[in-house]
Amino acid sequence: MGGANDSSPSSKLHTRLRLWEFPDRYVFEPIDGLADLYLSANRSDGSMNLVEELPPRDSSTKPKCQTVYGVIGVLKLSVGSYFLVITGRDCVGSYLGHAIFKVTGLKVLPCSNSRSTSGNQSKMETEFSELLHAAEKTIGLYFSYDINLTLTGYIILVMSSNHFRFGDSWTSTCCQSFKANIHAEVGSEKVNVTLIARRCTRRIGTRMWRRGADPEGYAANFVESEQIMESKGFTASYVQVRGSIPFLWVQIVDLTYKPSFDIVRQEEAPRILERHFHDLQKKYGAVLAVDLVNTHGGEGRLHDRYAKSIEPILSEDIRYVHFDFHRICGHIHFERLSQLYDQIEDYLKKHRYFLLNGKGEKIEEQTGTIRTNCVDCLDRTNVTQSMIGGKILENQLQRIGVLGVNDTISNHPAFDAKYKVCELFMFTNPGSSCLYSSCLFVSPMLLLDAKYSCSVWANHGDSISTQYSGTPALKGDFVRYGKRSTQGILNDLWNSLARYYLNNFADGTKQDAMDLLQGHYIISVSRDMAGPSKAGLLENYASFRLAFALVMGALMFMMMSLRQARNDVRHLVLSLLWAGLCIGITHFVRANGRVFTNRPRISCVDFSRICPAAST
């Protein structure tokens, strides 16, 4: 992908390609006038090379032909290679003047040879293929041909295009993101506000199968949120981040509503946490860690370990604030977050935000960020980040004279309503950069597709939550309307039940798909690899659906026997036997809950090795 201002055809992504499917190869022909070479991919082994002309066509070959709009990437698996190409697109908006496209069609192109494989490998390859075809049906992917959406807006504004050139005109690159815009007026001044979120790919995954940090310090559900304001020729930006508590801990699903937390290798927590914050400092400068977890129960153990592990590295540039969200705010008194703001206000004023004037001159620079976390880094975190974002926006508008010194957004109902109610879309720019480094990834990522009107920060939270947990964020009514409502509480109850079902019975497969598409498993897959280790008999045949069906059947026969017990005492004995069967199956399933859940099958992470408590 070329830089935004680069006019060199060779450095730009091809916007339209003609895909020729010959018996022995795929050929991509540029039809946008940017190049004369063709990309050829061998259908036997996936090898690629550039050719100057198409293979000869005659009545015997009759190659299929269709227009595609980009190559997302190539996955190399034991069965061969797979190309993922974009077959449909819609332009849905722009970012800093560059077009953003929505993927409306995907196609998987297999490249495999006829080498025989073992039974275990064939079974594994079938699973891989099913995951890839599921990805082919994924909706909600977005991309750009012109700009690297993984960079913050202020970096793009102050750096030359050479700093974010990809140098590959064939493959598109992906990042999992969210974007919302509002256009409103404060008095006579027009104000545009954009909210963007970018997810780190190093520890991507689902809510229960990606917790804590890995040994390198990369945290799960790590998301960078950037709020950009434009008015009176000024452009302002503020970046804050969220991420799971950064040391080794797991929470393996076991059919209980809230599985226990297991802290792994506690002695390594200070080293991992120091590595994590060192990476944050290199990217953002000073870091203020806001910890929102409870001080009692399982969350209390996480808090105690976090507070003790971060203590050795606390300094002027690394601060730690604990705020027991549930104890102070409960489920309805979120206005008490003002107590937290009082504790961090001096930090926000000291480290400021980024601000450019109409001439492109830098007036202010953000020299530090706030890292917020709860357990999931979803609901409590989003409420807190929305409060911080609102305060920063007020300060920015006051700084450029749109608001008076003592004026607030709430004093301008029209703008306040639009800040809470907006039109949004989420995008994925084919190619992702981890937020810790400049390393680029070319794998596609699953993304929620939405386009509707509601709160900027509420939709921001819903998008991140859906990507991580499968449901919208809880407490969204407060973020949208500034207060809790009966409908909001009922929605939270429904979403909590949905999370329970997804976490226990769907997220294992989703985690496999994410690992496969992100390339996290590719290094472990080759034609010469041994088959996966054989699971135990129970793990091979355990099925919650079967157990549930048996319990329901036993209950039905028990009720039928009870109805006949008046006439024949033998039916009473039978009803007791059926009741015993129900209780026995229920107890067995509960005692072996982890075996009956939907677990990752191909993930690289082996929880039984890093945590004995996670073993089944």
Side-chain angles (χ1 to χ4, degrees), residues 176 199-223 241-266 268-273 275-277 289 291-294 297-307 309-310 371-382 435-436 464-471 473-474 496 499-500 502-504 506-512 514-515 518 520 593-594 597-600 603-616:
Q176 192 170 30
R199 183 185 297 279
C200 178
T201 63
R202 291 296 182 90
R203 193 163 169 74
I204 190 172
T206 57
R207 178 174 175 241
M208 290 299 186
W209 295 108
R210 284 295 180 269
R211 293 292 208 188
D214 64 16
E216 299 301 316
Y218 295 112
N221 200 24
F222 188 89
V223 180
V241 299
R242 70 177 73 192
S244 191
I245 299 176
F247 51 80
L248 298 175
W249 62 279
V250 294
Q251 188 180 19
I252 308 300
V253 290
D254 57 4
L255 298 182
T256 61
Y257 180 73
K258 193 171 184 179
S260 61
F261 302 102
D262 295 310
I263 301 176
V264 183
R265 300 204 294 263
Q266 299 190 29
E268 294 189 23
R271 178 192 62 81
I272 295 171
L273 190 142
R275 173 68 180 272
H276 177 79
F277 277 90
D291 183 14
L292 304 174
V293 301
N294 301 340
E299 290 191 19
R301 292 192 293 111
L302 293 178
H303 158 65
D304 292 342
R305 176 53 52 190
Y306 192 6
S309 299
I310 198 174
R371 184 200 191 278
T372 308
N373 75 268
C374 48
V375 172
D376 297 327
C377 302
L378 298 177
D379 314 314
R380 289 171 281 183
T381 295
N382 200 61
L435 298 179
Y436 293 106
I464 294 172
S465 178
T466 302
Q467 293 161 6
Y468 189 53
S469 70
T471 74
L474 310 185
S496 295
R499 284 184 184 181
Y500 172 82
L502 293 171
N503 295 162
N504 282 276
D507 280 353
T509 301
K510 184 179 177 181
Q511 184 65 55
D512 283 339
M514 286 184 165
D515 285 335
Q518 281 300 308
H520 292 172
R594 289 178 175 174
T597 60
N598 179 247
R599 297 165 296 159
S603 297
C604 296
V605 177
D606 184 352
F607 289 100
S608 65
R609 292 182 181 178
I610 66 172
C611 179
S615 176
T616 56

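These numbers come from the heavy atoms of this one structure, side chains and all, not from hydrogens, waters or symmetry mates.
- Side chains of Ser260 and Arg301: a donor-acceptor N/O pair is absent below 3.5 angstrom, by distance only.
- If you check the side chains of Asp507 and Asn598, you find no donor sitting under 3.5 Å from an acceptor.
- A distance of 9.0 Å separates CG in Leu378 from OG1 in Thr466, rounded to the nearest 0.5 Å.
- Minimum interatomic distance between Arg199 and Ile464 (heavy atoms only, all atoms of both residues): NH2-O, 3.3 Å.
- Side-chain contact between Asp379 and Cys374: absent, with no pair of heavy atoms (C-beta onward) separated by less than 4.5 Å.
- Panel note: side chain Arg203, backbone Gly217; no donor-acceptor pair is recorded below 3.5 Å.
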Next on the checklist: Assess the residue pair Ile252 and Trp209 against the criterion (side-chain contact (heavy atoms from CB on, under 4.5 Å)); give the C-alpha distance rounded to whole Å, side-chain angles, the decisive distance to 0.1 Å, and a yes or no.
Outcome noted: CA-CA 7 Å; Ile252 308 300; Trp209 295 108; 4.0 Å; yes
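- Salt bridge status for Glu299 with Lys258: present, with a side-chain N to carboxylate O gap under 4.0 Å.
- The closest donor-acceptor contact from the side chain of Thr372 to the backbone of Thr381 lies at 3.5 Å or more, if one exists at all.
- A distance of 11.5 Å separates CG in Leu292 from NE2 in His303, rounded to the nearest 0.5 Å.
- In plain terms, the two heavy atoms of Ile263 and Trp249 that are nearest each other are CA-CB, 4.0 Å.
- The heavy-atom pair separating Ser496 from Leu474 by the smallest distance is OG-CD1, 3.7 Å.
- Between Pro246 and the options Asp214, Leu273, Asn373, a side chain to side chain contact (heavy atoms under 4.5 Å, CB included) holds for only Leu273.
- Each of Arg211, Arg242, Gln251 was evaluated against Asp376; a single residue qualifies, Arg211, per the side-chain hydrogen bond (donor to acceptor under 3.5 Å, both in side chains) test.
- Contact annotation: the side chain of Phe222 never approaches that of Ile204 to less than 4.5 Å [non-hydrogen atoms, C-beta and beyond].
- Here CZ of Arg271 is found 13.5 Å from CZ of Phe247. Values are rounded to the nearest 0.5 Å.
- Between Cys377 and Ser244, the shortest heavy-atom contact is SG-N, 3.4 Å.
- Under the side chain to side chain contact (heavy atoms under 4.5 Å, CB included) test applied with Ile245, the options Val293, Ile310, Val375 reduce to a single match, Val293.
- Between Arg207 and Ser465 the shortest side-chain heavy-atom distance does not fall below 4.5 Å.
- A donor-acceptor distance shorter than 3.5 angstrom exists from the side chain of Tyr468 to the backbone of Arg210, with no hydrogens or angles considered.
- Take Thr597 and apply the side-chain contact (heavy atoms from CB on, under 4.5 Å) test, not counting sequence neighbours, and it matches Val253, Leu255, Asn504, Arg599.
- Here the CE-OG distance, from Met208 to Ser469, works out to 9.5 Å after rounding to the nearest 0.5 Å.
- Annotation: side chain of Leu248 is in contact with side chain of Pro215 (closest heavy-atom distance under 4.5 Å).
- Within the 4.5 Å cutoff, the side chain of Arg371 has heavy atoms near those of the Phe277 side chain.
- Contact detail for Ala219 and His276: the closest heavy-atom pair is CB-CE1, 3.8 Å.
- Note: Leu302 CG to Asp262 CG = 10.0 Å, rounded to the nearest 0.5 Å.
- To the nearest 0.5 Å, atoms OG1 (Thr206) and CG (Leu502) are separated by 10.0 Å.
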